[in-house]
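Sequence positions, counted from 1, serve as the residue numbers for this chain. What you are looking at is a predicted structure, and each value in this text was computed from that prediction instead of being measured.
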Amino acid sequence: MNPEPDVPAPHDENRRNFLKQSSLLTALALVPAPVVSAAEAKLDERVAESIEKVPLSLKVNGKKYKLSVEPRTTLLDLLRENLNLTGTKKGCDYGQCGACTVHVDGQRVNSCLSFAVMHDGQEITTIEGLADGDKLHPMQEAFVKHDGFQCGYCTPGQIMSAVACVREGHAGSEAEIREYMSGNICRCGAYTNIVAAIQDVKSGGQKV
């Protein structure tokens, strides 16, 4: 005779249901109220919007902005997503490639590692703010002249760092330039041309 298939005892099934319900109730109890409300309204993708926003005033490329942002918004995301200044690139998002370099009150900063709210009242300059109308910045002209880019993805960050490198007084030699530009990675390997562009601007005595 074939043995009868195993059938869970009624108390086993009841126990299993009890555990499932208990786990669900525990999970719901630990979820913040705004998240539960958003889920109930089928607006899960807008959970982030339930987080309190803070006011922020910035001057970007000479233009003043008054914004309301989430505290966790990076300066990079603010520039790209809120202000549509997409010249600043998102590369590694870990501060290792330099593609997101901008100037904050004249100092170069990796915008992917900096929260926007940290810069309330400060002045930001992006690659879009270097040129004077149709007239390119001297460093931009030098990059074109010396073919300092190939794919171009890292170029905005390279140029912003190159300008800072000259302003900081760290463009006295090829070795010094390479040292102070080491935070900006070019996967195409145009480093020799980038150094030549910086040396050209430095030796030409042009205002940067």
* List the steps, then state whether side chain to side chain contact (heavy atoms under 4.5 Å, CB included) holds for Lys135 with Glu141. => CA-CA 9 Å; Lys135 180 175 175 54; Glu141 291 181 335; 4.2 Å; yes
* **Donor-acceptor pair, side chain of Glu128 and main chain of Gly87, under 3.5 angstrom** => yes
* To do: With rounding to the nearest 0.5 Å, note down the distance linking CG in Asp147 to NZ in Lys145.
  => 13.0 Å
* Structure fact -> Taking every heavy atom of Thr101 against every heavy atom of Gly98, the minimum-distance pair comes out as OG1-O, 2.7 Å
* Between CE of Met181 and CD1 of Ile194, what distance do you get to the nearest 0.5 Å? -> 6.0 Å
* **Where Ser203 and Asp200 come nearest, the two heavy atoms and their spacing** => OG-O, 3.1 Å
* Tell me, do Phe149 and Val144 make a side-chain contact under 4.5 Å, heavy atoms counted? -> yes
* Mark yes or no for whether His137, through its side chain, and Met139, through its backbone, hold a donor-acceptor pair below 3.5 Å. => yes
* Tell me, please, which residues at least two apart from Arg178 pass side-chain contact (heavy atoms from CB on, under 4.5 Å). => Glu174, Tyr191, Thr192, Val195
* **Between CG on residue Asn61 and OG1 on residue Thr126, distance to nearest 0.5 Å** => 3.5 Å
* To do: Please report the shortest heavy-atom distance between Gln150 and Cys188, naming the atom on each side.
  => NE2-O, 3.5 Å
* Side-chain (Glu176) to main-chain (Gly172) donor-acceptor, under 3.5 angstrom -> yes
* To do: State the CG-CG distance between Leu136 and Asp132, to the nearest 0.5 angstrom.
  => 10.5 Å
* **Qualifying residue for side-chain contact (heavy atoms from CB on, under 4.5 Å) with Cys186, from Cys154, Cys97, Cys151** => Cys154
* To do: Would you please test Glu168 and Arg108 for side chain to side chain contact (heavy atoms under 4.5 Å, CB included) and show each step?
  => CA-CA 10 Å; Glu168 293 163 3; Arg108 52 178 155 174; 2.9 Å; yes
* To do: State, yes or no, whether a side-chain contact exists between Leu76 and Asp93 at a heavy-atom distance under 4.5 Å.
  => yes
* For Glu179 and Ser182, which heavy atoms make the closest approach, and how far apart are they? -> O-OG, 2.8 Å
* Structure fact -> Paired with Met160, the side-chain contact (heavy atoms from CB on, under 4.5 Å) test is passed by just one of Thr155, Ile127, Asn184, namely Ile127
* Is the side chain of Tyr153 donor-acceptor paired with the backbone N or O of Lys90 at a distance under 3.5 Å, no angle test? -> yes
* Structure fact -> Between Lys207 and Pro138 the two heavy atoms that sit nearest each other are O-CG, 3.8 Å
* Does Leu56 sit in a hydrophobic cluster with other residues, and if so which ones, taking ILVMFWY side chains as linked at heavy-atom separations under 4.5 Å, directly or through other members? -> Val54, Leu58, Val60, Tyr65, Leu67, Val69, Leu75, Leu78, Leu79, Leu83, Leu85, Val102, Val104, Val109, Phe115, Val117, Met118, Ile124
* With sequence neighbours excluded, tell me which residues meet ring pair (Phe, Tyr, Trp, His ring centres under 6.0 Å) with Tyr180. => His170
* **Enclosure of Lys89 NZ (heavy-atom neighbours >12, cutoff 6.0 Å)** => yes
* Closest approach of Thr74 and Ser111, non-hydrogen atoms and distance? -> CB-O, 3.9 Å
* Asked: Going hydrophobic residue to hydrophobic residue with side-chain gaps under 4.5 angstrom, can you get from Ile185 over to Leu113?
  -> no
* **Whether Asn110 side chain and Gln96 backbone form a donor-acceptor pair below 3.5 Å** => no
* **Any donor-acceptor N/O pair, Asp105 side chain to Gln122 backbone, under 3.5 Å** => no
